[in-house]
Visitor: 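Have a look at the structure that comes next, please.
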Amino acid sequence: MIRGYAESDSPGPALLVHRQMLAAAVPPDTHTYPFLLKACAKLMALREGEKVHSLSVKNGLETCVFVQNTLVHFYASCGLFECAYKVFEGMDERNLVTWNSIINGFAINGRPNEALTLFREMSPEDSGVKPDGFTIVSLLCACAEIGALALGRRAHLYLVKVGLYGNVHVENALIDLYAKCGSIKEAYRVFNEMASKTVVSWTSLIVGLAVNGFGKEALELFSAMERERLVPTEITLVGVLYACSHCGLVDEGFKYFNRMKNEYNIVPKIEHYGCMVDLLGRAGLVEQAHDYVMNMPLEPNAVVWRTLLGACAMHKRLDLGNVAWARLVVLDPGHSGDYVLLSNLYAAVGRWGEVHRLRRSMLKGGVRKMPGHSLVELGNRVHEFVMGDRSHSWSDEIYKMLEEIANKLRLEGYVPRTTNVLADIEEEEKETALNYHSERLAIAFALLNSAPGVPIRIVKNLRVCADCHLVTKLISKVYDREIVVRDRSRFHHFRDGSCSCKDYW
DNA sequence: ATAGGGTTAG
């Protein structure tokens, strides 16, 4: 019974059956807990799972490798990777599933480096197990997260060698890896070489194209998918709507939205409505975007209001920006990104007094701007840079390089755009603050340490500011370098002084 | 009979 429910789409009753089992004093065996924990993992039922954990200890079944493996999986899927690791650490016997569960646990919980470290520890000599398709998918997922393209390529070579090329899950993960590393060409190659594609393969590439700024291609690919008579999922449609909004295709976006409902019977989720708000707002139809938010059938969440606030900042609509802000301070107070957006809006309309007032209220409320950090992979290492950081061993050279860059750009007629600096500091200091934004440190370091002609790839945790965007465009021209920046919201492919986002991000 | 994988708006 428990197994039946655990493996179904609605595993809830598995927990009820377990309670009846306890009431009837039926002794559990080593099969009971794995199924129960599987149900708890699906339901994200943390409390219930912890209870199962202590029951397994009480019944002396916690040394069973099956129970422990599901415990690792359960904790990881609830986001408690420390608990997962504690179970993993305490295990006397580990098998391939154990390793895969813990590596995947770190990979899906935003701990790519731990995932990679564990993968290295998993060598057959140490653990007696050999990575399989599951392991590789988690590994590729971790590489994708930190934009470790070279490492991902090595994993690609490796998995071809061990005969995993042809495993559709692995190939889908490769498409996602290359797309998330900004290398659409390689993503396409994997896609084209696939013997049998699933909807996920198509969706991964459509989303990948869209976020990389190739909206038209994403829509073409969607048409090709329809011609193959494949049925898109709600995720496919997110990609399609995203492509429309980032290309300014308002009418097209509405057409797809309606087709999603009528042709594919997909009930739009908050994500889809969010895309529609972005579609209108980005295109400058801020009033309509606001009406859309007010009339949507789902309760608008913080992300939706944030999208509207972003549109207001983009198009200098202080009135509606205040409306969005009023909702955001209720729905998601203390979100530093919202302060940044509002401050940029105030600055854009010249309300400097308000900028300072906001800054003070941030300080008073203890709202800290999230520190920007950027990653860049060179050779076998991923280097991390934090804004203004001087702890890197190459620090002196990097700052010298930044000076050189600044001088060269000034000759190109560059003037820093300081309006978006969220700080009550003097103009000259603002320039300095900008000059040390983390992506600039990363770019300078990469210019110093890579051969001409090799594209530089940066992964940033925040969105790039207008000034860094301009500077990166100029660097791409002055240093004749392709620079790919993946920021919080999308990709920027800088080449010869311009960006694939067409300054629309 | 028992455990693990891919794509999601700003």
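Convention: sequence-line order gives letters A, B, ...; per-chain numbering from 1.
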Visitor: Under 4.0 Å between any heavy atoms, over every strand shown, what does A:Leu341 touch: base, sugar-phosphate, or nothing? Just pick one.
Guide: nothing
Visitor: Assign A:Gly310 to base, sugar-phosphate, or nothing according to its heavy-atom contacts below 4.0 angstrom with the strands shown.
Guide: nothing
Visitor: In this structure, how many angstroms lie between the P atom of B:dG5 and the CZ atom of A:Phe106, rounded?
Guide: 16 Å
Visitor: When you check the gap from the basic side-chain N to the acidic O, do A:Lys38 and A:Glu7 get nearer than 4.0 Å?
Guide: yes
Visitor: Within 45° of the six-membered ring axis of A:Phe191 and under 6.0 Å from that ring's centre, is NZ or CZ of A:Lys197 located there?
Guide: yes
Visitor: By the 4.0 Å heavy-atom rule, please label A:Asp338 as base, sugar-phosphate, or nothing.
Guide: nothing
Visitor: Given B:dT2, B:dG10, B:dT8, identify the nucleotide with an atom nearest to the side chain of A:Phe35.
Guide: B:dT2
Visitor: On the six-membered ring of A:Tyr264, is A:Arg259 placed so that its NZ or CZ lies under 6.0 angstrom from the centre and within 45° of the ring axis?
Guide: no
Visitor: Take atom OH of A:Tyr346 as the centre, draw a 6.0 Å sphere, and report whether it contains more than 12 heavy atoms from other residues, nucleotides or ligands.
Guide: yes
Visitor: Look at the side chain of A:Val303 and decide which nucleotide, out of B:dA9, B:dG5, B:dA1, has an atom nearest to it.
Guide: B:dA9
Visitor: If I take atom CG in residue A:Leu96 and atom P in nucleotide B:dG5, what distance separates them, rounded to the nearest angstrom?
Guide: 13 Å
Visitor: Would you kindly give the CG-to-C1' distance between A:Asn167 and B:dG5, to the nearest whole Å?
Guide: 9 Å
Visitor: Charged N to carboxylate O under 4.0 angstrom, A:Arg111 versus A:Glu82?
Guide: no
Visitor: Compare the minimum distances between each of B:dA9, B:dT7, B:dT2 and the side chain of A:Asp176, then state the nucleotide with the smallest one.
Guide: B:dT7
Visitor: Could you tell me whether A:Tyr242 contacts a base, only the sugar-phosphate backbone, or nothing, with contacts defined as non-hydrogen atoms closer than 4.0 Å?
Guide: sugar-phosphate
Visitor: Are A:Lys180 and B:dT8 close enough that a side-chain N or O sits under 4.0 Å from OP1 or OP2?
Guide: yes
Visitor: Between B:dA1, B:dG5, B:dG10, which nucleotide gets closest to the side-chain atoms of A:His169?
Guide: B:dG5
Visitor: Which nucleotide, B:dA3, B:dT8, B:dA9, lies nearest any side-chain atom of A:Glu7?
Guide: B:dA3
Visitor: Quick check for you: among B:dA9, B:dT8, B:dA3, whose closest atom lies nearest to any side-chain atom of A:Asn69?
Guide: B:dA3
Visitor: Roughly how many Å is it from CZ in A:Phe491 to P in B:dG10, rounded to a whole number?
Guide: 13 Å
Visitor: Within this structure, what is the CD1-to-C1' distance between A:Ile103 and B:dG5, rounded to whole angstrom?
Guide: 12 Å
Visitor: Pick base, sugar-phosphate or nothing for A:Thr135, based on heavy-atom distances below 4.0 Å to the nucleic acid.
Guide: nothing
Visitor: What nucleotide, of B:dA9, B:dG5, B:dT7, holds the atom closest to the side chain of A:Val137?
Guide: B:dG5
Visitor: For atom CG of A:Asp251, is the number of surrounding heavy atoms from other residues, nucleotides or ligands below 6.0 Å larger than 12?
Guide: no
Visitor: Looking across every strand, which nucleic acid part, if any, lies under 4.0 Å from A:Ser138 by heavy atom: base, sugar-phosphate, or nothing?
Guide: nothing
Visitor: How is A:His246 classified with respect to the nucleic acid when contacts are heavy atoms under 4.0 Å: base, sugar-phosphate, or nothing?
Guide: sugar-phosphate
Visitor: Please classify the nucleic acid contact of A:Ser204 as base, sugar-phosphate, or nothing, using heavy-atom distances under 4.0 Å.
Guide: sugar-phosphate
Visitor: A:Asp278 side chain: which of B:dT2, B:dG10, B:dG5 is closest?
Guide: B:dG10
Visitor: Just compare B:dT7, B:dG5, B:dG10 and give me whichever is closest to any side-chain atom of A:Val200.
Guide: B:dT7
Visitor: Heavy atoms from C-beta onward define the side chain here; which of B:dG5, B:dA1, B:dT8 lies closest to that of A:His73?
Guide: B:dG5
Visitor: Using whole Å, report how far CZ of A:Arg488 lies from P of B:dG10.
Guide: 11 Å
Visitor: Send over the distance from A:Glu93 CD to B:dT2 C1', rounded to a whole Å.
Guide: 14 Å
Visitor: If you compare every side-chain N and O of A:His31 against the phosphate oxygens of B:dA3 (OP1, OP2), does one of them come in below 4.0 Å?
Guide: no
Visitor: A:Asn95 has an atom CG; how far is it from atom C1' of B:dT2, in whole Å?
Guide: 12 Å
Visitor: Would you say A:Asp92 has more than 12 foreign heavy atoms packed within less than 6.0 Å of its CG?
Guide: no
